[in-house]
2 protein chains.
Amino acid sequence: MSRGTVSRVLNGARYVSPSALAAVNEAIRATGYQANSHARSLVTGRSNSVAFVLTEPQHLLFEDPTFSIMLRAAAQALAQRDIPLVLMVAGSEEERRRTTTYVAAGHVDGVLLVSTHAGSPLLRDLLSEHVPVVTSGAPLGFDAVGYVEADEIGGARAMVRHLVERGRSTIATVTGPLDTPGGLKRLEGYRLEMADRLDESLIAHGDYSRESGRRATAELLARRPDIDAIFVASDLMAAGAVTALAEHGRRVPEDVAVGGFDDTGMAAALHPPLTTVRQPLDRIAREQVRLLLEIIDGQEPAAITLPTQLVVRAST
Amino acid sequence: MSRGTVSRVLNGARYVSPSALAAVNEAIRATGYQANSHARSLVTGRSNSVAFVLTEPQHLLFEDPTFSIMLRAAAQALAQRDIPLVLMVAGSEEERRRTTTYVAAGHVDGVLLVSTHAGSPLLRDLLSEHVPVVTSGAPLGFDAVGYVEADEIGGARAMVRHLVERGRSTIATVTGPLDTPGGLKRLEGYRLEMADRLDESLIAHGDYSRESGRRATAELLARRPDIDAIFVASDLMAAGAVTALAEHGRRVPEDVAVGGFDDTGMAAALHPPLTTVRQPLDRIAREQVRLLLEIIDGQEPAAITLPTQLVVRAST
DNA sequence: CTGAAAGCGCTTACAG
DNA sequence: CTGAAAGCGCTTACAG
């Protein structure tokens with residue numbers, strides 16, 4: 001039996017007789033044969049691997065479980081297809097250059113990018129090299145890039161609506177960074193739902209870190225001591241907000257209701273347990289992988305929006 | 001100029017005349033040439049990549065920043081040598097099999113393993129395939145495996161000594177899982193330093209999760225209401241311990257002093273800020289990478305122990 | 001020090 | 001449907 005026939009079996013078994021197919025499969029089982037991936041990549045020009053590129057500042061990565069959850073989910077979704085995930089850190093300028101060079105050299109077939117900031121130079125470089133990319137969250141300021149996002153606006157609106165239904169009248173918000181899609185869209189949802197209740201003094205800005213949630217909440221309390229609810233744009237910042245409220249002698253939820261966003265494990269562990277908006281992070285990562293592989297296979301990019309879900313706990 | 005000469009320049013420039021070397025380097029710069037890694041791997045039989053294998057239960061990975069810190073540090077140490085890090089998740093039985101097959105097939109040259117449990121079947125399989133492996137923490141029940149660890153025993157002793165110096169007389173401990181080197185050795189350090197103060201009723205067991213720290217502390221308080229200090233074997237569990245103490249109306253540090261282990265960002269963020277034992281996680285990951293690359297290059301394994309450092313804050 | 005040649009293990013048209 | 005052949009882009013003895 002020729003090498004060519006074996007290769008055909010390995011690559012989809014087209015134009016192979018049933019008897020040859022069976023014989024090859026049996027031989028593969030018996031010998032535990034595994035194709036040499038380097039030889040295959042050399043001729044196909046495909047690496048059959050994908051990079052997961054981390055661009056977030058160090059502290060956030062360790063504080064906020066969101067990133068680890070997506071990383072792990074992506075690794076698992078890829079493993080099911082026997083595609084390795086290569087982790088790259090592109091925090092500094094030099095790391096970014098190294099990452100672009102590495103990717104452009106064809107070491108990986110595509111890139112998974114998490115929470116891209118507006119005008120990200122890394123994304124710009126990657127696109128100019130025509131590297132298949134899928135981001136999580138709509139990349140601000142880029143067109144024709146594939147992405148997967150949660151329904152940020154819908155989720156934020158649902159939370160504000162819930163706070164209103166709970167009888168809260170003075171609802172503030174702590175935003176995420178406004179150069180990220182999540183930060184921007186959660187604020188947009190808040191604005192839309194607040195409508196004529198809206199007042200700019202009810203808005204304070206954070207950067208997704210716990211400490212920023214605490215600081216922004218303290219600002220709000222100083223400016224508007226009359227607030228009776230806060231929608232905080234991430235669970236981690238909400239943890240900071242709860243701390244700030246305690247420091248100012250406000251009870252949660254009696255004096256001030258607090259709602260978060262994400263529903264990572266932290267939300268249920270807070271005191272009191274946090275009402276929040278659940279993002280389907282696992283599913284986002286899985287869809288991101290699926291979409292990237294399609295694009296690598298030559299399909300056009302797409303934008304996928306997945307539903308969020310309000311999870312009511314004791315904090316509201 | 002022949003391909004052979006260029007190849008010699010790329011691989012260390014032995015037996016190359018200065019003029020040829022200069023010419024090749026200039027051509028590389030001018031054209032931005034990058035060697036095709038698949039072709040190179042095909043002939044050398046080396047993948048020039050390394051796997052980072054995650055075996056921890058999901059929840060711990062997201063709760064405890066220790067793992068992300070080591071993952072990121074390892075990725076950065078490898079990136080400096082232009083070696084990609086392949087992330088593999090080996091939580092389930094099937095994932096473990098897939099990982100072993102993948103690694104044994106030569107897709108990566110070696111494996112970085114974090115916090116191996118006693119008798120780990122993954123480590124057993126990897127060693128039986130003669131895959132170069134370096135673990136973080138001494139792997140319990142295995143010989144001749146390279147590893148890098150913090151001085152767990154010394155760190156635990158320093159903490160107990162500190163609590164004694166602070167005038168505490170009834171010092172309890174919450175341990176980590178005793179089938180991990182960290183869990184076992186931190187308890188050993190506690191035992192050694194307690195000497196004749198030791199009483200088994202002062203020991204409660206956790207599993208490194210926050211909730212287990214809370215539960216174990218509640219147990220201790222029920223059994224020994226007279227304790228005035230607790231050495232908790234990780235910062236995350238210490239956070240749970242502080243919660244339990246508050247729930248039982250004990251003030252930290254006035255009534256009960258609390259000491260942790262790790263010194264991840266969480267320690268300084270706790271209320272009150274946590275006295276803890278700093279593990280040099282960055283350095284551990286860097287040394288782990290260095291050692292693995294040496295072993296891949298044919299050197300014998302080694303065991304490296306790095307010093308820990310007591311960091312005193314307000315909780316003691 | 002340098003060039004020519006073989007070979008790493010696959011895939012893919014191309015005949016048959 | 002199947003086999004023989006070329007070729008992917010390198011590295012590495014081997015002559016010279």
Side-chain angles (χ1 to χ4, degrees), chain A residues 1-49 81-84 86 101-110 129-130 293 296-298, chain B residues 1-49 81-84 86 101-110 129-130 293 296-298:
Chain A
M1 187 159 306
S2 82
R3 223 182 311 177
T5 303
V6 175
S7 183
R8 269 172 229 120
V9 172
L10 257 32
N11 297 290
R14 292 165 69 82
Y15 308 110
V16 179
S17 67
S19 67
L21 203 171
V24 171
N25 278 139
E26 173 50 29
I28 288 174
R29 179 147 20 98
T31 62
Y33 171 82
Q34 277 216 276
N36 179 311
S37 62
H38 303 304
R40 176 177 283 172
S41 290
L42 179 57
V43 46
T44 61
R46 285 276 188 83
S47 75
N48 200 39
S49 70
R81 301 168 165 88
D82 275 313
I83 299 176
V86 175
T101 306
Y102 180 85
V103 171
H107 285 89
V108 293
D109 298 331
E129 299 278 358
H130 301 101
L293 296 179
I296 290 171
D297 275 343
Chain B
M1 187 160 307
S2 83
R3 224 182 310 177
T5 303
V6 175
S7 184
R8 269 172 230 121
V9 172
L10 256 32
N11 296 290
R14 290 164 70 83
Y15 309 110
V16 178
S17 68
S19 65
L21 203 171
V24 172
N25 279 139
E26 173 50 29
I28 288 175
R29 179 149 17 99
T31 63
Y33 170 83
Q34 276 216 279
N36 179 309
S37 63
H38 303 303
R40 174 177 285 171
S41 291
L42 179 56
V43 46
T44 61
R46 285 276 189 82
S47 74
N48 201 39
S49 70
R81 300 167 165 89
D82 275 313
I83 298 176
V86 176
T101 306
Y102 180 85
V103 171
H107 284 89
V108 293
D109 298 330
E129 300 278 359
H130 301 100
L293 297 179
I296 291 171
D297 275 343

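Just so we're on the same page: letters track the sequence lines, and every chain starts at 1. Everything quoted here is computed from the prediction, not taken from an experiment.
Residues A/V103 and A/E129 are not in side-chain contact: their nearest non-hydrogen atoms beyond the backbone lie 4.5 Å or more apart. Counting heavy atoms from C-beta on, the side chains of A/V86 and A/H107 never come closer than 4.5 Å. Between A/Y102 and A/V108 there is a side-chain heavy-atom pair separated by less than 4.5 Å.
With rounding to whole Å, A/R40 atom CZ is found 17 Å from D/dG7 atom C1'. The distance from atom CG of B/N48 to atom P of D/dG9 is 19 Å, rounded to the nearest whole Å. At whole-Å resolution of the value, CZ in B/R46 and C1' in D/dT12 are 15 Å apart. As rounded to whole Å, 17 Å separates atom P of C/dG9 from atom CG of B/N36. Remark: P of D/dG9 and NE2 of A/H107 are 14 Å apart, rounded to the nearest angstrom. Between the NE2 atom of B/H38 and the P atom of C/dC10 there is a distance of 15 Å, rounded to whole Å.
Every residue meeting the side-chain hydrogen bond (donor to acceptor under 3.5 Å, both in side chains) condition with B/D109, not counting sequence neighbours, appears here in chain and number order: B/S47. Evaluation of the salt bridge (charged side-chain N to carboxylate O under 4.0 Å, His left out) rule for A/R46 yields A/D297 as partners, not counting sequence neighbours.
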Let's test your reading of the pairing rules: Watson-Crick or G-U wobble, both distances under 3.5 Å, then write DNA chain C as a dot-bracket string with ( ), [ ], | and dots. |||.||||||||.|||

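For B/T44, whose side chain is taken as the heavy atoms from C-beta onward, the closest listed nucleotide among D/dT11, C/dC8, C/dT11 is D/dT11. Relative to the side chain of A/A35, the nucleotides C/dG9, C/dC10, C/dT12 differ in distance, and C/dC10 lies closest. Closest approach to the B/A39 side chain among D/dT11, D/dC10, C/dC10 is made by D/dC10 (side chain taken as heavy atoms from C-beta onward).
Remark: B/Y33 is in phosphate contact with D/dC10, judged by side-chain N or O atoms under 4.0 Å from OP1 or OP2.
The backbone N or O of A/N48 lies less than 3.5 Å from no partner atom in the side chain of A/S41, so there is not a single donor-acceptor pair.
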